[in-house]
Amino acid sequence: DPWFYIYVAAGAVIFCYFDLVYFGLTAKSGAGVVTRIGPLVVAGTFMMWTAITPSLMTDYIETPLRTVGIIAALTGSVFFSTRLKNCPVSWSALKIMAPYLFLASIGMCLGKLAMQHAAPPEGVFYYTLIQSVIVWIMYVGMAAAPPSWKFVPHLDLNSSLRDRRVIMAGLCAAAGWIIATPAKWYAISIVENPAYVGTISLCEPFAVLLIYRLLRRREKAKIADGIGIVACAIALVIFTQF
């Protein structure tokens, strides 16, 4: 099905670009800030996929408690996002990330659409293969063309590809990619709403907080409102599963 390849290619480009922005902001603002803002993708994906699949809205409305919970979770996400204004570091990161969070939500929906145009085992394999090739081309192309860096906020690719630390980091990232990518898209292919799979990333903020605590590293950003965003994303998934 040609639509499968169209959705896969578009989603791969979007996610590659989003990851570059994500990593660049992590280097500037810290992993804690970025991972607490990232869960907004769950809300974005939920709303987009519900718009694409109106029948889900009927299912949600049939259970009043579910409807109230979903509305409360989405409202909470907006509320805590606006409260980030009280933290210059978090607010600055949110303003930069906002359009890319929107793109990531589109990417999740494109992935789900792609999976609907292929059988799960074969679809997942080809999605992983095509996405990996596209990502490799984009990364190598950007590394060879420094002028392209200006299109990604705070991107710094000055490290040498021959550096031993870069090679080891690349091998670790490749291993993680090979394991995580097929699992991710297989999960997206079988769930009702692709936003559910995004909830796995909700573990990131807590893992970062734990690592910071173990390293005795103090954050410059305020944590409470970011955790509020994560809590609302968790609540959104819980209520949609009623």
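- Under a 4.5 Å side-chain heavy-atom cut-off, the cluster of Ile, Leu, Val, Met, Phe, Trp and Tyr residues that includes Ile71 has no other member.
- Members clustered with Val78: none, using a 4.5 Å side-chain heavy-atom cutoff among hydrophobic residues.
- Proximity of Phe102 to Met97: side-chain heavy atoms (C-beta onward) are nowhere separated by under 4.5 Å.
- A 4.5 Å side-chain heavy-atom check between Ile211 and Arg217 finds every atom pair outside the cut-off.
- Remark: side-chain polar atoms of Thr35 are paired, donor with acceptor, to backbone N or O of Gly32 under 3.5 angstrom.
- Checking side-chain atoms of Tyr17 against main-chain N and O of Ala12 turns up no donor-acceptor pair under 3.5 Å.
- Going from atom CG of Leu56 over to atom CH2 of Trp49 covers 8.5 Å, rounded to the nearest 0.5 Å.
- Cluster membership for Leu103 and Ile52, using ILVMFWY side-chain heavy atoms within less than 4.5 angstrom, is shared.
- You'll find the side chain of Tyr5 stays beyond 4.5 Å of the side chain of Val8, heavy atoms only.
- Grouping the Ile, Leu, Val, Met, Phe, Trp and Tyr side chains by contacts below 4.5 angstrom, directly or via other members, places Leu110 with Ile6.
- Sequence neighbours left out, not one pair with a member in residues 3-22 passes salt bridge (charged side-chain N to carboxylate O under 4.0 Å, His left out).
- Within the 4.5 Å cutoff, no side-chain heavy atoms of Cys16 are placed close to those of Ile134.
- By the 4.5 Å heavy-atom criterion applied to side chains, Ile227 and Phe206 are counted as neighbours.
- Counting only heavy atoms from C-beta outward, the side chains of Thr45 and Cys109 approach each other to under 4.5 Å.
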Quiz prompt | Check against ring-ring contact (aromatic ring centres under 6.0 Å, His included), Tyr60 and Phe46 | solution = CA-CA 12 Å; Tyr60 298 147; Phe46 173 84; 5.5 Å; yes
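- Side-chain contact check for Met115 versus Tyr7: every heavy-atom pair is 4.5 Å or farther apart.
- Within the structure, salt bridge (charged side-chain N to carboxylate O under 4.0 Å, His left out) contacts touching residues 32-52 (residues at least two apart or in different chains) are Arg36-Glu219.
- Expressed to the nearest 0.5 Å, how far OG of Ser90 lies from NZ of Lys85 amounts to 14.0 Å.
- Within the structure, every pair that satisfies the ring-ring contact (aromatic ring centres under 6.0 Å, His included) test and touches residues 20-44, not counting sequence neighbours, is listed here: Phe18-Tyr22.
- The ring-ring contact (aromatic ring centres under 6.0 Å, His included) contacts involving residues 63-99 comprise nothing, where partners must be two or more places apart or lie in separate chains.
- Under the 4.5 Å side-chain contact rule for hydrophobic residues, Leu40 and Leu74 share a cluster.
- With sequence neighbours excluded, no residue forms a ring-ring contact (aromatic ring centres under 6.0 Å, His included) with Phe4.
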Could you pull out every donor-acceptor pair under 3.5 Å between side chains of residues 229-238 and any protein atom, sequence neighbours left out?
none

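- Between Ala43 and Ser77, the shortest heavy-atom contact is CB-OG, 4.4 Å.
- Residues in residues 127-142 take part in no salt bridge (charged side-chain N to carboxylate O under 4.0 Å, His left out) pair, two or more places apart or across chains.
- Minimum interatomic distance between Gly226 and Leu84 (heavy atoms only, all atoms of both residues): N-CD2, 4.2 Å.
- Between atom CZ of residue Arg83 and atom NZ of residue Lys222 there is a gap of 8.0 Å, rounded to the nearest 0.5 Å.
- Proximity of Leu20 to Met142: side-chain heavy atoms (C-beta onward) are separated by under 4.5 Å at one or more points.
- Evaluation of the side-chain hydrogen bond (donor to acceptor under 3.5 Å, both in side chains) rule for Thr82 yields no partner, not counting sequence neighbours.
- Other residues sharing a hydrophobic cluster with Leu210 under the 4.5 Å side-chain heavy-atom criterion for ILVMFWY residues are Leu214.
- More than 12 heavy atoms of other shown residues, nucleotides or ligands fall within 6.0 angstrom of atom OH in Tyr212.
- Rounding to the nearest 0.5 angstrom, the gap separating the CD atom in Glu62 from the CE atom in Met57 is 12.5 Å.
- Atom-to-atom distance recorded for Ser29:OG and Ile37:CD1 is 7.5 Å, nearest 0.5 angstrom.
- Counting only residues at least two apart or on different chains, no salt bridge (charged side-chain N to carboxylate O under 4.0 Å, His left out) pair has a member in residues 94-106.
- To the nearest 0.5 Å, atom CD of residue Glu204 and atom CG of residue Leu209 are 12.0 Å apart.
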